[in-house]
Structure formats: C-alpha cells, structure tokens
Amino acid sequence: ATALSPAGASQGASTAIQPVVHGRTTLDGVDLTSFDAVVAAGLHPFNMKDRLALQEYVAGGGGLLLMPGPATNPQQIQSALGEGERFMPARYGERHVYLDENAPSINAASIDHPALLSLKDTSEINIGSGKFKFLYDLVPVAKGDDTKIAVRLSNGKPAIIERRWGQGKVMAAAFGASATGGSLPFK
C-alpha cells in the first residue's frame, strides 16, 4: 500500500486504490466480483476451482495481473491456468537472474497501455531506473487483436503481455511484485 501512497498513511496520505491482501493459497470464500482487478503475486499453482473462478471473473469484465515470484515453476503455472484454453496471454519460459547494473529495466518509451501511460512520462517517475534481479521469458500464446505486448524491457523482450478474455483482460508480467525481484517497487 505504501507504493500506492508514497507519502505514507502515517503522514495522512490517501489513494483511490484500496488494496486487499489475501494471503491464503486458495481463493475459497473470496468474492472476486467485488474487485475491479486482481493481482496474483508470487504465482503458485492454482487448483481447478480457483482457475475456474479466475476465468469466470475475467470473462465477466475483471482484470487479472499475473506476477511470478522467485520460486515460480513455469510448467506448473501453464498447467494450472490452462495454457491450451488460451486463457493465458503468454507462456512463462526460462527464469534469468541478474546480479549487476546491466540488469534489464522497463523501457518507458515502449509503454502502450492506457492504464500505464502515466508512467511513460519520466519527468516525475523514472520507471526505467528500476533494475530487475530476476525475470521470466514471456512468449505470447497467440497473435492477433486480442493479445498484445503492453510494455517491453530495456533489452527488447516483453515485460507485460495482455490478452482479452471475454469482457475482461489477463496480463502476464515477466517480473515479480516484491522488492526481492529488483528495485522497481521503490520507483
């Protein structure tokens, strides 16, 4: 929540985004329809009931952002989320670890998504200065109007790939949400 309100709650700051953290490994008892967007951070395998709940949520107009963690197993994620059913916008590939300043970052100039366009202007926030410690390759599972690369990395590879599913959208990120994955959360 601090990243969404940089001044911090203790300093009286507020934000229109009200995150709810669900720390359990299943979605049992969670009404996804009460959320505009869901972020699955860390990406552990989903059971069939959770997969169907996520697909129904997105098909009904919800937004889903998938963000891997350092222990994410790409093959398990593909299997759990039904790669063959075209729900996933991309297949997660090899994990790369970077230990130096040559680590890739977000290419702000490549941002081509309406929700992220404010990050394209680097005069206030230079999102491209955040370096990644680990990244997964993203391979689009389909080409066409329903799948697009929303953001690229400084090395030209996809950072986020989006796909329409029913009335909603699924986005797959090559990077994780936590500070263990790099310095982007601090930007």
Joint cluster assignment, Met171 & Leu117, ILVMFWY side-chain distance < 4.5 Å: yes

Separation between CD of Gln55 and CG of Asp50, rounded to the nearest 0.5 Å: 11.5 Å

Interatomic spacing from NZ in Lys131 to OG in Ser154 - rounded to 0.5 Å: 6.0 Å

Minimum side-chain heavy-atom gap Leu119-Val151 below 4.5 Å: no

CA sep, side-chain torsions, deciding dist, call: Lys148, Asp112, side-chain contact (heavy atoms from CB on, under 4.5 Å): CA-CA 9 Å; Lys148 71 177 204 167; Asp112 187 32; 4.1 Å; yes

Smallest separation among heavy atoms of Phe175 and Ile106, with atom names: CE2-CD1, 3.9 Å

Over 12 non-hydrogen atoms of neighbours within 6.0 angstrom of CG in Asp36: no

Donor-acceptor under 3.5 Å (Gln78 side chain, Pro74 main chain): yes

Between CD1 on residue Ile127 and NZ on residue Lys120, distance to nearest 0.5 Å: 12.5 Å

Smallest separation among heavy atoms of His113 and Ala150, with atom names: CB-CB, 3.9 Å

Joint hydrophobic cluster, Met88 plus Val139, side-chain heavy atoms closer than 4.5 Å: no

Pairwise side-chain contact, Leu138 with Lys157, heavy-atom cut-off 4.5 Å (strictly under): no

Residues that Leu32 engages under side chain to side chain contact (heavy atoms under 4.5 Å, CB included), provided they are two or more places apart: Leu27, Val30, Val38, Ala53, Leu54, Tyr57

Distance in Å, Leu99 CG paired with Lys133 NZ, rounded so as to fall on 0.5 Å steps: 9.5 Å

Any donor-acceptor N/O pair, Tyr92 side chain to Ala173 backbone, under 3.5 Å: yes

Salt bridge (charged side-chain N to carboxylate O under 4.0 Å, His left out) contacts touching residues 38-48 (sequence neighbours left out): none

Aromatic Phe134 / basic Arg95 pairing, under 6.0 angstrom, 45° off normal: yes

Main-chain N/O of Ser129 paired to Ser105 side chain as donor or acceptor, under 3.5 Å: no

Thr147 side chain reached by Val141 side chain, heavy atoms, under 4.5 Å: no

Any Pro158 side-chain heavy atom under 4.5 Å of Arg152 side chain: yes

Name each donor-acceptor pair under 3.5 Å that joins a side chain in residues 64-73 to protein atoms two or more places apart or in another chain, with its distance.
| from | atom 1 | to | atom 2 | distance (Å) |
| --- | --- | --- | --- | --- |
| Thr72 | OG1 | Gly42 | O | 2.8 |
| Thr72 | OG1 | Leu43 | O | 3.2 |
| Thr72 | OG1 | Gly69 | N | 2.7 |
| Thr72 | OG1 | Gly69 | O | 3.2 |
| Asn73 | OD1 | Gln75 | N | 3.0 |
| Asn73 | OD1 | Gln76 | N | 3.2 |

Full working for side-chain contact (heavy atoms from CB on, under 4.5 Å) between Ile160 and Leu116: CA-CA 11 Å; Ile160 300 175; Leu116 304 174; 4.2 Å; yes

